[in-house]
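To start, the structure under review is shown below, and the notes come after it.
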Amino acid sequence: MRTATARAHPNIALVKYWGKADEELILPVAGSMSMTLDAFATTTTVTLDPEADEDSFVLNGSPATGTALARTTRFLDHVRELAGSRERAHVDSMNEAPTAAGLASSASGFAALALAASRAFGLALDERALSRLARRGSGSACRSVVDRYAVWHAGTDDETSYAEQIDAPDLRLVIVTVDGAQKAVSSREGMRRTAATSPFYDAWITSTARTLEEMVRACAAGDPTRIGEITESHALRMHAVIASSEPPVRYLAPASVAVFDTAAALRAQGVFAHTTADAGPNVCVLTTPADAERVAEAVSAHGSVRIVGPGPGAHLVDETVDAGETDGVAR
Ligand code: PMV
């Protein structure tokens, strides 16, 4: 019997991914950059089942059905294709992120699944190949494969679109789970709508490519202030292009906007605080280890807070392979 258990964490983009150049391969229209978190792990075990004729998926102790199961099976089909296998698998996944935190678990989920499934099916993928595989489950998952800080190179095909680690100063994110959240349009649907209807979409694509280059330079220079400034302006640009879709999509709630204002007020007092938000009302404030408590205290008026820092990429926790079986070749 082959079984493997892997763990991965969510990531928060400081330069955002919004828009696909290829929906099937999940190639983005521009590159992005993120921090992999040291909290809210997903731990996933994949066990091959020679007797089964269907895959099964248990998420947080309950059998998954519908879209969640279909997405997992589709992903496993891709792993089977790489491994040249027809065996079905049982997937058991536990998410530490409280649902209310609104942290997209798809990134940690597909990064952990990519590693556990590839090992269970006998593949030994290097980090780049693993990142490419995770990307097929959910675009942002390719960044969760990588330790601490990652750049996702947009690329032009399956081989060239992957995430890679970069060095950056040690920063913290204060995650604010705000009150008064409304139901969000999924990132998949939101991206499609922006691409199809926003008059600003072309400018978003070209400016994001430039912003990423600037962010990479700021990281290499070890310039936290510039990293913070780029983070906030790029997040607001993403929300602006999204809001310019038809029918419009607005992810930020009044309490989310209030966090941006509180962070700006802190900055005026010399505190390091730059705000970002993904496709939902929750907000993250980028800060330094020294200022994290002060920021958390100030923004706690708008929701519940948690301080997180850079964490590990996807890693193997456990693996059992029957004697006599050998590993696949790295691709
Ligand atoms: O990978 P997806 O489909 O969950 O999209 C992620 C989109 C954002 O979180 C809004 C931005 C990002 O780069 O993570």
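Quick caveat, the model's predicted, so the values are computed rather than measured. Indexing begins at 1, ligand by ligand and atom by atom, following the structure's order.
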Worksheet item: Can Trp18 and His234 be said to form a ring pair (Phe, Tyr, Trp, His ring centres under 6.0 Å), step by step?
Response: CA-CA 11 Å; Trp18 194 257; His234 196 257; over 10 Å; no
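Checking only distances, Lys20 never comes within under 3.5 Å of ligand 1, N or O to N or O. The N/O atoms of Lys16, backbone and side chain alike, include none that comes under 3.5 Å of an N/O atom in ligand 1. Between Tyr17 and ligand 1, at least one N/O pair is under 3.5 Å apart. Close N/O approach between Trp18 and ligand 1 is not found [any backbone or side-chain N/O within under 3.5 Å]. The N/O atoms of Arg143, backbone and side chain alike, include one that comes under 3.5 Å of an N/O atom in ligand 1.
Contact check on Asp278 versus Lys16 returns a salt bridge, with a Lys/Arg side-chain nitrogen under 4.0 Å from an Asp/Glu carboxylate oxygen. The pair Arg192-Glu23 meets the salt-bridge criterion, with a side-chain N (NZ, NE, NH1 or NH2) lying under 4.0 Å from an Asp/Glu carboxylate O.
Listed by atom number, the atoms of ligand 1 under 4.0 Å from Ser138 heavy atoms are 1 (O), 2 (P), 4 (O). Proximity to Ala13 (heavy-atom distance under 4.0 Å) selects the following atoms of ligand 1: 12 (C), 13 (O), 14 (O). Interface atoms of ligand 1 facing Ser106, defined by a heavy-atom separation under 4.0 Å, are 4 (O). Residue-ligand proximity, Ala279 to ligand 1, at heavy-atom distances under 4.0 Å covers atoms 10 (C).
Ring geometry for Phe272 against His274 counts as perpendicular: the plane angle is over 60°, on a 0 to 90° scale with 30° as the lower cut.
Checked by atom type, the side-chain pair Arg143/Thr36 shows no donor-acceptor distance below 3.5 Å.
Side chains of Pro247 and Arg193 form a contact here, defined as non-hydrogen atoms less than 4.5 Å apart.
For Ser32, the heavy-atom gap to ligand 1 stays at 4.0 angstrom or more.
Atom NE2 of His9 and atom CD of Glu96 lie 6.5 Å apart (nearest 0.5 Å).
Within the 4.0 Å heavy-atom criterion, neither part of Arg188 lies near ligand 1.
In this structure, Glu159 places its CD atom where more than 12 heavy-atom neighbours from other residues, nucleotides or ligands lie under 6.0 Å away.
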